Amino acid sequence: MEIGKRIQQLRRAKDLTQEQVAAALGVTGAAVSKWETDAAIPDVAMLCPLSRLLGTTVDGLLDFRPALEQAGIDALLEERRRLFEAQRLEEAAASCETLLREYPDDLRLKCAVAGLYIIYLSASPDKAWIERQTERAMVLLEQSRKSGDPPVAGSARSLLVNLCVMREELDKALELLEELPEEMLNRRMTRANILLRKGELDEAEKLFQEGLWMAARDAALYLVGLHAAALRREDGQKALECLEQAMAVERVLHMDELAGGAGPLRLLRSEVLLREGRTDEAMADLTCYVEKSLSRWAEMGGEGSTTSEHYDKVAVRPSGISAAYLARNLRTVIEQGGKFGVLRDRADFQALLARLSEIEGQ
């Protein structure tokens, strides 16, 4: 803290001599001289009267600067970014370090500067410079990860994970990964990539397969949501398109091999088709829904776990429900609610109900 320079600047701005300041405060001129040359600092009891004399506050006297807001940080770093891109690398890094000294406790700024260092690591072919900047970034991030502000701490940890992977410090990367909330970084994918680099292929493949299945499931569910929104807008055609896209996701990514939702999607589509007056197609989808539900139960009816050709590292345990219970539920869905009342007099609809009743009674 260059308090001496600050005192001198403020004194001269007020057009005061050192002797005048000394006389006003009851100290010697030599004491004021020592303050201004940083040979000594004012006693704490002197800070308030000295500040008033120089027309400032204690914060102003000490050149205290509160933590920057993100917009302020972005503005300050934009100038440094231009220096990096102009290949004035040493000047850019020195300017960043000067900024850090001005705000020594600002962890948000430290995290942002570390991010800037990482972005421009490839700006120089000098391995020594790259290593030096990497080390400095890691120091700043280690400090920032202790921030009480979750977004700052999370960003710092995320950047640290990437740096550790880059430096082949894979065990440390895995350790840091556990500190991250899932929303800050796709932990499953990052862990899988780290394990892949470590050569732990089975575990990496398992994580990739789990992530793929969950991403496909989420995509299908989002499309189901869009189908529901389309129905609210009385747009049956759009609703059908959304359901068909969801079914395409499940088909392409083989979700039906691992408890996919192709059966329920058929049920939803049959309801929309009925609203559109396409009864034959609706009946075909309703039959498909029942068949898929029963066949899926048969595939997963064993005691052990079920795997698939495309998700062979992922095991799904059977639900444990009986065929009779499943049949009763299916029949309840079809008979109740009135959605399929228009099909009630059809022979194929009655045959479907009879089949479910037979299974229920076994």
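The shown structure was predicted, so the numbers you read here are calculated from the model rather than taken from an experiment.
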Keeping [X] on the side-chain end and [Y] on the backbone end, is there a donor-acceptor pair under 3.5 Å?
X: Glu203; Y: Ala192; answer: no
X: Thr287; Y: Met283; answer: yes
X: Ser95; Y: Glu91; answer: no
X: Thr98; Y: Ala94; answer: yes
X: Ser155; Y: Val152; answer: no
X: Arg11; Y: Leu16; answer: yes
X: Lys110; Y: Pro104; answer: yes
X: Arg157; Y: Arg145; answer: yes

Next item on the list: Kindly check if the number of other-residue, nucleotide or ligand heavy atoms within 6.0 Å of CE (Met166) is above 12?
Entry: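 Enclosed.
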Margin query: How about NZ on Lys198, more than 12 heavy atoms from neighbouring residues, nucleotides or ligands closer than 6.0 Å, or not?
Written below: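 Atom NZ in Lys198 is packed in, count exceeds 12.
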Pair [X] + [Y]: basic N to acidic O under 4.0 Å:
X: Glu78; Y: Arg81; result: yes
X: Arg167; Y: Glu131; result: yes
X: Glu244; Y: Arg251; result: no
X: Glu90; Y: Arg132; result: yes

Flag the pair [X] / [Y] as yes when at least one side-chain heavy-atom distance between them is below 4.5 Å, and no otherwise.
X: Val58; Y: Cys48; value: yes
X: Arg266; Y: Glu291; value: no
X: Thr56; Y: Ser51; value: yes
X: Leu274; Y: Lys339; value: no
X: Ile334; Y: Val290; value: yes
X: Asp38; Y: Ile3; value: yes
X: Leu294; Y: Arg355; value: yes
X: Glu276; Y: Glu281; value: no

Could you grab the distance from atom [atom1] of [X] to atom [atom2] of [Y], nearest 0.5 Å is fine?
X: Glu79; Y: Cys96; atom1: CD; atom2: SG; value: 9.5 Å
X: Arg191; Y: Leu196; atom1: CZ; atom2: CG; value: 14.0 Å
X: Asp106; Y: Cys111; atom1: CG; atom2: SG; value: 10.5 Å
X: Glu97; Y: Arg80; atom1: CD; atom2: CZ; value: 11.0 Å
X: Gln18; Y: Thr28; atom1: CD; atom2: OG1; value: 10.0 Å
X: Leu109; Y: Gln70; atom1: CG; atom2: CD; value: 9.5 Å

Margin query: Using the rule side chain to side chain contact (heavy atoms under 4.5 Å, CB included), only one of Asp43, Val32, Leu50 pairs with Val27; which is it?
Written below: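 It is Val32, the one option of Asp43, Val32, Leu50 that forms the side chain to side chain contact (heavy atoms under 4.5 Å, CB included) with Val27.
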Checklist line | Shared hydrophobic cluster for Val314 and Met189 (ILVMFWY, side-chain gaps under 4.5 Å) | finding: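 Shared cluster, no.
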Note to self: Side-chain heavy atoms nearer than 4.5 Å, only ILVMFWY residues, links allowed to pass through others: does that put Leu76 and Ile119 together?
What the structure shows: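 Same hydrophobic cluster.
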Next item on the list: State whether a side-chain donor-acceptor pair under 3.5 Å links Arg187 with Thr190.
Entry: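 Absent: no donor and acceptor within the cut-off.
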Margin query: Less than 3.5 Å apart, any donor N or O on the side chain of Gln209 or Lys313 sitting next to an acceptor on the other?
Written below: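 Per modelled atom types, Gln209 and Lys313 side chains form no pair under 3.5 Å.
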Where is the tightest heavy-atom contact between [X] and [Y], given as atom of each residue plus distance?
X: Lys146; Y: Leu107; answer: C-CD1, 4.4 Å
X: Glu271; Y: Phe340; answer: CG-CZ, 3.7 Å
X: Leu163; Y: Met138; answer: CD1-CG, 3.5 Å
X: Cys164; Y: Ala173; answer: CB-CB, 3.8 Å
X: Val165; Y: Arg197; answer: CG1-NH1, 3.3 Å
X: Leu121; Y: Gln133; answer: CD2-CB, 3.7 Å

Notebook entry, point to check: Hey, what's the ring geometry for Trp129 with Phe84, parallel, tilted or perpendicular (30° and 60° as the breaks)?
Noted result: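 Judged by the thresholds at 30° and 60°, the geometry between Trp129 and Phe84 is perpendicular.
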Item checked: side chain to side chain contact (heavy atoms under 4.5 Å, CB included) between Arg233 and Lys238, intermediate numbers included -> CA-CA 9 Å; Arg233 296 181 182 277; Lys238 180 67 174 179; over 6 Å; no
Checklist line | Intermediate values then yes/no, salt bridge (charged side-chain N to carboxylate O under 4.0 Å, His left out), Arg346 and Asp280 | finding: CA-CA 10 Å; Arg346 292 177 60 119; Asp280 288 342; 2.8 Å; yes
Note to self: Applying side chain to side chain contact (heavy atoms under 4.5 Å, CB included) to Leu226 and Tyr222, what does each step give before you reach the verdict?
What the structure shows: CA-CA 6 Å; Leu226 289 172; Tyr222 284 129; 5.6 Å; no
Margin query: With side chain to side chain contact (heavy atoms under 4.5 Å, CB included) as the criterion, how do Asn193 and Phe208 come out once you've worked through the C-alpha distance, each side chain's angles and the decisive distance to 0.1 Å?
Written below: CA-CA 9 Å; Asn193 279 312; Phe208 282 131; 3.5 Å; yes
Margin query: Run Glu234 and Arg275 through salt bridge (charged side-chain N to carboxylate O under 4.0 Å, His left out) and show every step you take.
Written below: CA-CA 10 Å; Glu234 301 295 331; Arg275 288 177 55 146; 3.4 Å; yes
Notebook entry, point to check: Hey, mind stepping through Ile118 and Leu141 against side chain to side chain contact (heavy atoms under 4.5 Å, CB included) and telling me if it holds?
Noted result: CA-CA 11 Å; Ile118 293 169; Leu141 292 172; 4.0 Å; yes
